[in-house]
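Step one of this worksheet: look at the structure below.
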Amino acid sequence: MKKILIRGANIVNEGKIMRGDVYIKEGIFFAVGGNLSEYEVDVEIDGEGKYLFPGLIDDQVHFREPGLTHKGDIYTESKAAVAGGITSYMEMPNTQPQTTTLALLEEKYSMAAEKSLANFSFYFGATNDNLEELLQVDPANVCGIKVFQGSSTGNMLVDNPESLESIFRECKLLIATHSENDQIIKANLEKYKDEFGDDIPVSCHPKIRSEEACYDASKKVVDLARMYGSKLHVLHISTAKEVMLFDEDLPLETKRITAEACVHHLWFSDADYEEKGNFIKWNPAVKTAADRDAILKGVLEGKIDIIATDHAPHTLEEKSESYLKAPSGGPLVQHSLVALLEMYHQNKIRLEEIVQKTSHNPAILFEIEKRGYIRPGYHADLVLVDLDDPWEVSRENVLSKCGWSPFEGQTFQSKVTHTIVSGHLAYENGTFHEEVKGSRLKFERKM
């Protein structure tokens, strides 16, 4: 591994911003501080005027491999992630085949070891009848268990109440949930079919996948987690009402029930459906501006612990279908950090808070081994950013395999210039260095 010195950057880490150097040797942070010019160096990066963050840890992505690789794959989507400053990701099990056995889980890890430019972990998928295999998952090697309460891409619905309760009663590993009540959604859908037939406007999406559907399912799993002492992480909170289910008073290290917000729920509102249409159709749905503002308030107050992407690419052809046929989801890993930095420029969130919610807190919540901080002895995952280098998102500069972005036409003030993954300079001013692949995440769990 090359010895790397980043010189004179503004280091955003552990609630502070300080100007200094960072020296990386053998893939780890060797020294962090003032002037470190005395060290032997293979690569020197000028950080003057730029801002240095710990690499982002995205706890929810869908990279579509195996089985759905016409939409995206581990190589293309990890490449987009690295260009966006994401150095580690946790990928979901709703692929083809679904990741619901230990053998299929290990096949994914083998694929990622050969292809992924970022560090990686994979969720094990829960079903109505795979509890026995679920309980064999090694907590040191797997980020968590994924439970779909609402059907979405791949439809891995856990809709048997006894199965759901058994998972919460028996499973000691972190349980991450997609919380929407499928029965409420189906009833709402029938109502709008009666009104519009097959020509339902996409603006009805947040009424079909409604506040009630989200709150009902989230409350159900929160209640189960409290009953059994489970470690629960509720993904992609989309309503103000759900935010109130979570506690801001406890330190994250001691929380058993946590929550995630996604960039699209912090950026878009239902006013954007007219312009963006199916390109902002997600599950759960983007809802009102009041919901969006309450989610951000929950992030800043500590009720919501993590900001992630739920990156879920679909092809242009698929998203151009009618509302009923177009799948939900969109590509976000390339633009999540610059979108959050745009919110910083808008005085909505501080740089220290972005780092806390995208790097430090994922490392704490998932108990990831020696990542998420710029500390001597930790794995060297970094992103260097110029906060004043405007650029516009266009289809020509989108890296995800699907070839589009919900942010097309948006000018971002900030630009990622360098990304370092486990001590390897993986991305540099538009150029990728792909000879070294990412590493499998390890977890230091206190079970």
Would you indicate whether the side-chain heavy atoms of [Y] and [X] approach each other to under 4.5 Å?
X: Phe148; Y: Asp159; result: no
X: Pro54; Y: Val355; result: yes
X: Lys281; Y: Lys319; result: yes
X: Ile57; Y: Thr358; result: no
X: Lys146; Y: Leu235; result: yes

Neighbour count above 12 (heavy atom, 6.0 Å) for [X] [atom1]:
X: Lys276; atom1: NZ; answer: yes
X: Met244; atom1: CE; answer: no
X: Glu275; atom1: CD; answer: no
X: Glu274; atom1: CD; answer: no
X: Gln410; atom1: CD; answer: yes
X: Asp194; atom1: CG; answer: yes
X: Glu162; atom1: CD; answer: no

Task: Sole residue of Lys186, Arg209, Lys220 in salt bridge (Lys or Arg N to Asp or Glu O under 4.0 Å) with Glu180 - done: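 Going through Lys186, Arg209, Lys220 one by one, the salt bridge (Lys or Arg N to Asp or Glu O under 4.0 Å) with Glu180 is satisfied by Arg209 alone.
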
Open item on the list: Just to verify, which of Glu114, Glu91, Glu106 counts as forming a salt bridge (Lys or Arg N to Asp or Glu O under 4.0 Å) with Arg440?
Closed with: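 Testing each of Glu114, Glu91, Glu106 against Arg440, the sole residue satisfying salt bridge (Lys or Arg N to Asp or Glu O under 4.0 Å) is Glu106.
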
Less than 6.0 Å separating the ring centroids of [X] and [Y]?
X: Tyr109; Y: Phe122; result: yes
X: Tyr323; Y: Phe196; result: no
X: Tyr427; Y: His418; result: no
X: Phe168; Y: Tyr228; result: no

With a 4.0 Å cut-off on N to O distance, would you call [X] and [Y] a salt bridge?
X: Lys219; Y: Glu242; answer: no
X: Asp73; Y: Lys401; answer: yes
X: Lys71; Y: Glu318; answer: yes
X: Glu434; Y: Lys79; answer: yes
X: Asp386; Y: Lys415; answer: no

With no hydrogens and no angle check, do the side chains of [X] and [Y] hold a donor and an acceptor under 3.5 Å apart?
X: Gln149; Y: Ser179; result: yes
X: Thr100; Y: Gln98; result: no
X: His62; Y: Asn94; result: yes
X: Ser322; Y: Asp199; result: no
X: Ser414; Y: Tyr51; result: no
X: Lys207; Y: Asn188; result: no
X: Ser238; Y: Arg292; result: no
X: Thr288; Y: Asp270; result: no

Look only at the side chain of [X] and the backbone of [Y], and say whether a donor-acceptor pair between them is shorter than 3.5 Å.
X: His311; Y: Val333; value: yes
X: Ser163; Y: Asn128; value: yes
X: Glu77; Y: Phe63; value: no

Indicate the atoms forming the closest heavy-atom contact of [X] with [Y], along with that distance.
X: His345; Y: Leu387; value: NE2-O, 3.1 Å
X: Ser210; Y: Lys287; value: C-CE, 3.8 Å
X: Arg64; Y: Gly72; value: CB-O, 3.3 Å

TODO: Start with the C-alpha distance between Lys172 and Ile145, add both sets of side-chain angles, then the distance that settles side chain to side chain contact (heavy atoms under 4.5 Å, CB included), and finish with yes or no.
DONE: CA-CA 10 Å; Lys172 304 304 179 188; Ile145 304 299; over 6 Å; no

TODO: Quick one: pull up CD1 in Ile167 and CG in Asn130 and give me the separation to the nearest 0.5 Å.
DONE: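 Ile167 CD1 to Asn130 CG: 7.0 Å, rounded to 0.5 Å.
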
TODO: Give the ring-plane orientation class for Trp404 versus Phe279, where under 30° counts as parallel, over 60° as perpendicular and anything between as tilted.
DONE: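 Perpendicular: the ring planes of Trp404 and Phe279 meet at over 60°.
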
Task: Criterion side-chain contact (heavy atoms from CB on, under 4.5 Å) against Gln60, the qualifying member of His236, His178, Met90, His233 - done: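 Going through the options one by one, the only one that passes is His236.
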
Open item on the list: The test is ring-ring contact (aromatic ring centres under 6.0 Å, His included); show your working for Tyr273 and Phe268 and say whether it passes.
Closed with: CA-CA 9 Å; Tyr273 284 111; Phe268 298 104; 9.2 Å; no

